[in-house]
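Comments concern the structure below.
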Amino acid sequence: KSVVLWGRGRAYGQASAYGLIAEALRGLTQQHLSLELRERIKAAVGDLGSEVLRLVPEMKTILGDVTAAVELEPERRQQRFLNLMTNLFLSLGSKEAPLALILDDIQWSDEASLHLITHLSKETLPFPLVMILGYRSEEVSPGGRVHRLLEQIKETRFGKVKEIKLAPLPDGEIKAIVHSMLGTNVQLVADVVSNQAGGSPLFAVELVYALVESGILRRTESGWLVTNTKVLTEGRYGDNLIQTIVNRLSRLTDNQRLIL
């Protein structure tokens, strides 16, 4: 069984160095690991366990008690840490069960995590690692750090990189989402949401919620009723949508917001 690690860049709250990588490794501590894999991890880390715990204290459940690593000057310590992380990730995969490292929204990643991703791509060519990187193309500038990262990976992986571009959903599929939420007698709402959503299913769903919570769309015994056709068709509820999302987030607990 392959180990799957997942991390996501944050637009806020993940400014610390290697924050994206730390989130991925944190997920490792929540998985059931075989004794053999635990021993491989310990062997890969060696006497540098304190460096791992400095980044992810939760790894103590796997590494146990550790001794302090020898202090080095900053440049040598940085290189040692990169090699340590590479060895740690490589210990998680095998030919029969390669490691799957999924890192989403890398356009919001901290710089140190991107540097480590580049290092991994250089050092893991012969090893069983599948790395899936996701980013929002509309938030990435040409020639920016994400594009530079991808170019570096392509060079180090000798072209073994497959790019998949997710196009916006067509109008028909956005309308199908609206109908699945409200039923079939809401063609006007489906048309408006499709025009406003720009092919984004998340935005379409939030638009429907905003229309309901703002009272523009109200449920009756005979079905859904549009209470203000003019406001609906003119799309004058953008601020309401933002406020609706903010209000919904405010009702979540701290742990629930952290999961999101």
Side-chain angles (χ1 to χ4, degrees), residues 4-14 20 23-24 27 30 100 102-109 130 132-142 144 146-147 150 162-260:
V4 179
L5 298 182
W6 180 86
R8 179 185 176 192
R10 311 285 177 183
Y12 59 91
Q14 198 184 51
L20 177 61
E23 180 177 355
Q30 301 168 6
I102 305 171
L103 302 174
D104 200 6
D105 280 329
I106 61 171
Q107 78 279 355
W108 291 329
S109 171
V130 176
I132 301 174
L133 307 177
Y135 65 94
R136 306 186 188 197
S137 57
E138 68 275 12
E139 297 193 28
V140 172
S141 59
V146 171
H147 281 166
L150 297 177
K162 183 175 182 180
E163 292 189 62
I164 301 175
K165 296 183 179 180
L166 300 181
L169 291 183
D171 287 349
E173 294 188 23
I174 293 294
K175 292 176 182 178
I177 292 175
V178 177
H179 287 303
S180 71
M181 297 176 69
L182 302 176
T184 57
N185 61 335
V186 288
Q187 189 58 47
L188 176 61
V189 177
D191 290 341
V192 170
V193 170
S194 177
N195 289 334
Q196 293 287 327
S200 168
L202 174 62
F203 196 45
V205 170
E206 293 299 335
L207 276 170
V208 173
Y209 283 140
L211 291 173
V212 173
E213 295 188 16
S214 65
I216 297 173
L217 192 60
R218 181 164 54 87
R219 187 163 198 164
T220 66
E221 292 183 358
S222 59
W224 290 96
L225 172 69
V226 176
T227 62
N228 194 323
T229 303
K230 184 177 181 180
V231 172
L232 173 67
T233 55
E234 291 181 355
R236 291 190 284 111
Y237 43 82
D239 292 339
N240 288 339
L241 172 60
I242 295 173
Q243 191 58 50
T244 296
I245 297 174
V246 171
N247 290 342
R248 191 175 297 125
L249 288 173
S250 69
R251 294 196 293 267
L252 300 177
T253 65
D254 291 340
N255 286 337
Q256 289 171 331
R257 283 195 290 270
L258 180 61
I259 291 173
L260 288 176

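The chain is numbered in sequence order, starting from 1. Model, not experiment: these values are computed from the prediction.
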- prompt: Under the side-chain contact (heavy atoms from CB on, under 4.5 Å) test, which residues partner Leu202, sequence neighbours left out?
  reply: Ser200, Glu206
Separation between CD1 of Ile102 and CD1 of Ile132, rounded to the nearest 0.5 Å: 4.5 Å
query: CG/Leu20 to CG/Leu103 distance, rounded to the nearest 0.5 angstrom?
result: 4.5 Å
Non-hydrogen side-chain atoms of Leu207 and Val192 separated by less than 4.5 Å: no
By side-chain hydrogen bond (donor to acceptor under 3.5 Å, both in side chains) - contacts of Thr220 (at least two apart): Ser222
field: Any residue meeting side-chain contact (heavy atoms from CB on, under 4.5 Å) with Asp104, in chain and number order, not counting sequence neighbours
entry: Trp6, Arg8
task: Please examine the side chains of Leu217 and Leu182, heavy atoms only from C-beta on, and report whether any two atoms are closer than 4.5 Å.
output: yes
- request: Decide if atom CD of Glu138 counts as having more than 12 heavy atoms of other residues, nucleotides or ligands within a radius under 6.0 Å.
  value: yes
message: A side-chain contact here means heavy atoms from C-beta on lying under 4.5 Å apart; do Ile177 and Leu169 qualify?
response: yes
message: The criterion is side-chain contact (heavy atoms from CB on, under 4.5 Å); which residues satisfy it with Pro168, sequence neighbours excluded?
response: none
field: Gln107 side chain vs Arg136 backbone, donor-acceptor pair below 3.5 Å
entry: yes
query: Is there any salt bridge (charged side-chain N to carboxylate O under 4.0 Å, His left out) pair reaching into residues 169-193, and which pairs are they, with sequence neighbours excluded?
result: Lys175-Asp191
- request: Could you pull out all residues at least two apart from Gln30 that satisfy side-chain hydrogen bond (donor to acceptor under 3.5 Å, both in side chains)?
  value: none
